Amino acid sequence: MPSIPDRKNQKLSRFDPMSDEELRAFLQLDASKPEGEASDMEEVLYVMELLSVRRKEKGESRDPYQAFEEFKAHYAPEGSFPEIAPAKPKIHFRWNRVVAIAATLALLLGMIMTVGASKFDFFQIIAKWTKETFYTGKAISGNQMEAEPDITSDFPYAELQSILFEQNVMERIVPTWVPEGFEQQEFTSYELPQCKDYHAYHHRGEEELNFEVKEWFVEVPLQVERSSSLLEVYTLEGIDYYIFENNEELQVVWVSNEFECVISGDISLLEAKQMIDSIKKD
Amino acid sequence: MKYSIKSFFRGVVALCLICILFTPNVAFAAVKPPVEPQASDYLSTYYGYVSKSGNTIQPVFGVSGTGMMENIGAYSIYLYESRDGTNYTLVKTFNYESYSNMMAHNTSSYASYMSYSGNANYTYKAYICVFAGRNGGGDARYFWGYQV
């Protein structure tokens with residue numbers, strides 16, 4: 001008795017010598033069977049697989065959409081097959097990536113514009129401003145001028161204040177108070193191309209206190225030594241005074257129109273604020 | 001939908017992190033590349049730039065010490081010029097040993113400028129080294145001073 005596989009192979013092998021057209025005709029005939037009449041699925045699948053193998057052997061590639069259209073034309077009577085066409089390949093436009101890139105570029109652009117527009121860098125203390133008045137002072141000599149400290153005056157930085165008054169500078173930028181015990185030892189002024197630089201030095205024993213004023217006629221960054229991030233921003237009458245540490249010393253930096261000022265030395269935070277407060281007091 | 005939202009935020013975060021790494025460089029480039037902030041027992045503040053008046057080129061510097069310094073001023077100034085604003089050539093070197101107005105003694109601050117006969121149509125910049133020292137110690141800083 002032949003084994004079942006042998007009988008199955010014999011049954012299906014009858015399709016092997018058939019041509020492609022005969023095989024397609026068989027499938028079409030099977031598809032046209034009236035409803036209720038069962039198809040021999042084993043035969044149908046065998047024929048379909050046989051056609052597929054033959055196509056591969058011939059090197060014929062089939063677009064799924066094209067194959068479906070051919071199937072409808074050959075095997076499905078018109079109107080009997082539901083229109084379920086295979087989805088055409090979609091071009092998947094990755095909108096999420098586009099939006100992510102656009103958002104990042106906008107953020108980056110905003111950060112660049114903010115740095116450029118603010119003209120002040122917290123971490124570097126490179127203060128920039130625009131000179132709106134023109135230089136009406138003495139002729140440029142570039143020489144160092146040392147003024148004798150006014151030891152008879154109780155008013156600290158009197159020399160600097162008088163120079164500024166002579167130049168009709170009404171800006172209140174000079175402290176009128178220093179911590180007790182500090183005595184002025186030196187006052188120097190430098191007249192440079194497009195800048196005037198004033199410097200007053202006080203000392204109290206080994207402790208030192210400096211006050212600098214730069215009158216800028218162009219934009220030049222001032223490098224300020226510091227050992228820490230910003231200690232505090234002390235605001236008084238609309239001016240921000242930035243307070244840092246430079247190792248054991250305190251640095252106070254602020255800008256008032258074309259003037260850039262620095263207090264630095266062996267003073268406490270409280271004393272620094274007191275000096276700042278004294279700028280605006282009569 | 002859930003997957004696309006997750007991938008969207010993942011992409012934004014990743015690109016933001018990359019940009020943050022490079023933003024400081026970009027931002028500072030938009031201003032001017034400054035020296036790195038440092039602390040010093042000798043230096044308080046300093047600045048430098050190049051002033052131009054016709055053919056006269058003047059590198060300027062200023063230094064303030066933390067107190068009275070034995071030596072304070074500019075160690076050296078390297079002056080560069082450019083015809084196109086992009087490519088620079090070293091044209092002059094100033095050293096304190098050769099120019100007495102570059103360094104001062106026993107004072108708390110010093111500022112001065114040098115002079116060079118250049119070309120009014122060229123662009124200049126200077127690489128400046130400032131110094132302050134006393135009691136056998138001191139600090140120096142190198143930075144670029146640009147034409148103003």
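Heavy atoms only: backbone and side chains are in, while hydrogens, waters and symmetry mates are out. Proteins come first, then strands; the chains are lettered A, B, ... in the order of their sequence lines, and each starts at number 1. Predicted model only: the values in this text are computed from it and were never measured.
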Quick check for you: to the nearest 0.5 Å, what is the distance between [X] atom [atom1] and [Y] atom [atom2]?
{"X": "A:Glu260", "Y": "B:Tyr47", "atom1": "CD", "atom2": "OH", "result": "10.0 Å"}
{"X": "A:Glu191", "Y": "B:Tyr113", "atom1": "CD", "atom2": "OH", "result": "9.5 Å"}
{"X": "B:Asp41", "Y": "A:Ser227", "atom1": "CG", "atom2": "OG", "result": "9.5 Å"}
{"X": "B:Phe61", "Y": "A:Asp197", "atom1": "CZ", "atom2": "CG", "result": "11.0 Å"}

Quiz prompt | side-chain contact (heavy atoms from CB on, under 4.5 Å) partners of B:Asn55, counting only residues at least two apart | solution =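 Scan of B:Asn55 (side-chain contact (heavy atoms from CB on, under 4.5 Å), adjacent residues dropped) gives B:Ala120.
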Is it the case that the side chain of [X] and the backbone of [Y] share a donor-acceptor pair, with hydrogens and angles ignored and the cut-off at 3.5 Å?
{"X": "A:Asn246", "Y": "B:Ser40", "answer": "yes"}
{"X": "A:Tyr190", "Y": "B:Ser109", "answer": "yes"}
{"X": "A:Gln251", "Y": "B:Ser44", "answer": "yes"}

Quiz prompt | Side-chain touch B:Val148/A:Glu219, heavy atoms, less than 4.5 angstrom | solution =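 No. Closest side-chain heavy atoms not under 4.5 Å.
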Self-check item: Closest contact, heavy atoms only, A:Asn247 versus B:Ala39
Solution: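 For A:Asn247 and B:Ala39, the tightest heavy-atom pair comes out as OD1-CB, 3.3 Å.
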Quiz item: So which of B:Ser64, B:Gly145, B:Ser53 has the largest heavy-atom pair count under 4.5 angstrom toward chain A?
Solution: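 Of the options given, most contacts go to B:Ser64.
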Self-check item: Intermediate values then yes/no, side chain to side chain contact (heavy atoms under 4.5 Å, CB included), A:Glu212 and B:Thr45
Solution: CA-CA 9 Å; A:Glu212 312 165 34; B:Thr45 66; 2.6 Å; yes
Quiz prompt | Residue-level contacts of residues 199-211 of chain A with chain B, using a heavy-atom cutoff under 4.5 Å | solution =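 From residues 199-211 of chain A, the residues near chain B are A:His199, A:Tyr201, A:Glu208, A:Asn210.
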Quiz prompt | Residues forming a ring-ring contact (aromatic ring centres under 6.0 Å, His included) with B:Phe94, sequence neighbours excluded | solution =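 With sequence neighbours excluded, B:Phe94 shows a ring-ring contact (aromatic ring centres under 6.0 Å, His included) to B:Tyr99, given in chain and number order.
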Quiz prompt | Proximity of residues 65-83 of chain B to chain A, residues having a non-hydrogen atom under 4.5 angstrom | solution =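 Listed by number, the contacting residues are B:Gly65, B:Thr66, B:Gly67, B:Met68.
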Quiz item: Can you find a side-chain donor-acceptor pair between A:Glu225 and B:Tyr46 that sits under 3.5 Å?
Solution: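 A:Glu225 vs B:Tyr46: donor-acceptor pair found between side chains.
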Self-check item: Distance-only polar pair, side chains of B:Thr107 and A:Glu186, donor-acceptor under 3.5 Å
Solution: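 B:Thr107 vs A:Glu186: donor-acceptor pair found between side chains.
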Self-check item: Step-by-step side chain to side chain contact (heavy atoms under 4.5 Å, CB included) determination, A:Gln223 to B:Leu43
Solution: CA-CA 10 Å; A:Gln223 310 294 340; B:Leu43 290 163; over 6 Å; no
Self-check item: Contact class of B:Val60 relative to chain A, heavy atoms under 4.5 angstrom
Solution: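 Side chain only.
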Quiz prompt | Exceeds 12 heavy-atom contacts within 6.0 angstrom, atom CD of A:Glu248 | solution =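 For A:Glu248, atom CD is not crowded (no more than 12 foreign heavy atoms under 6.0 Å).
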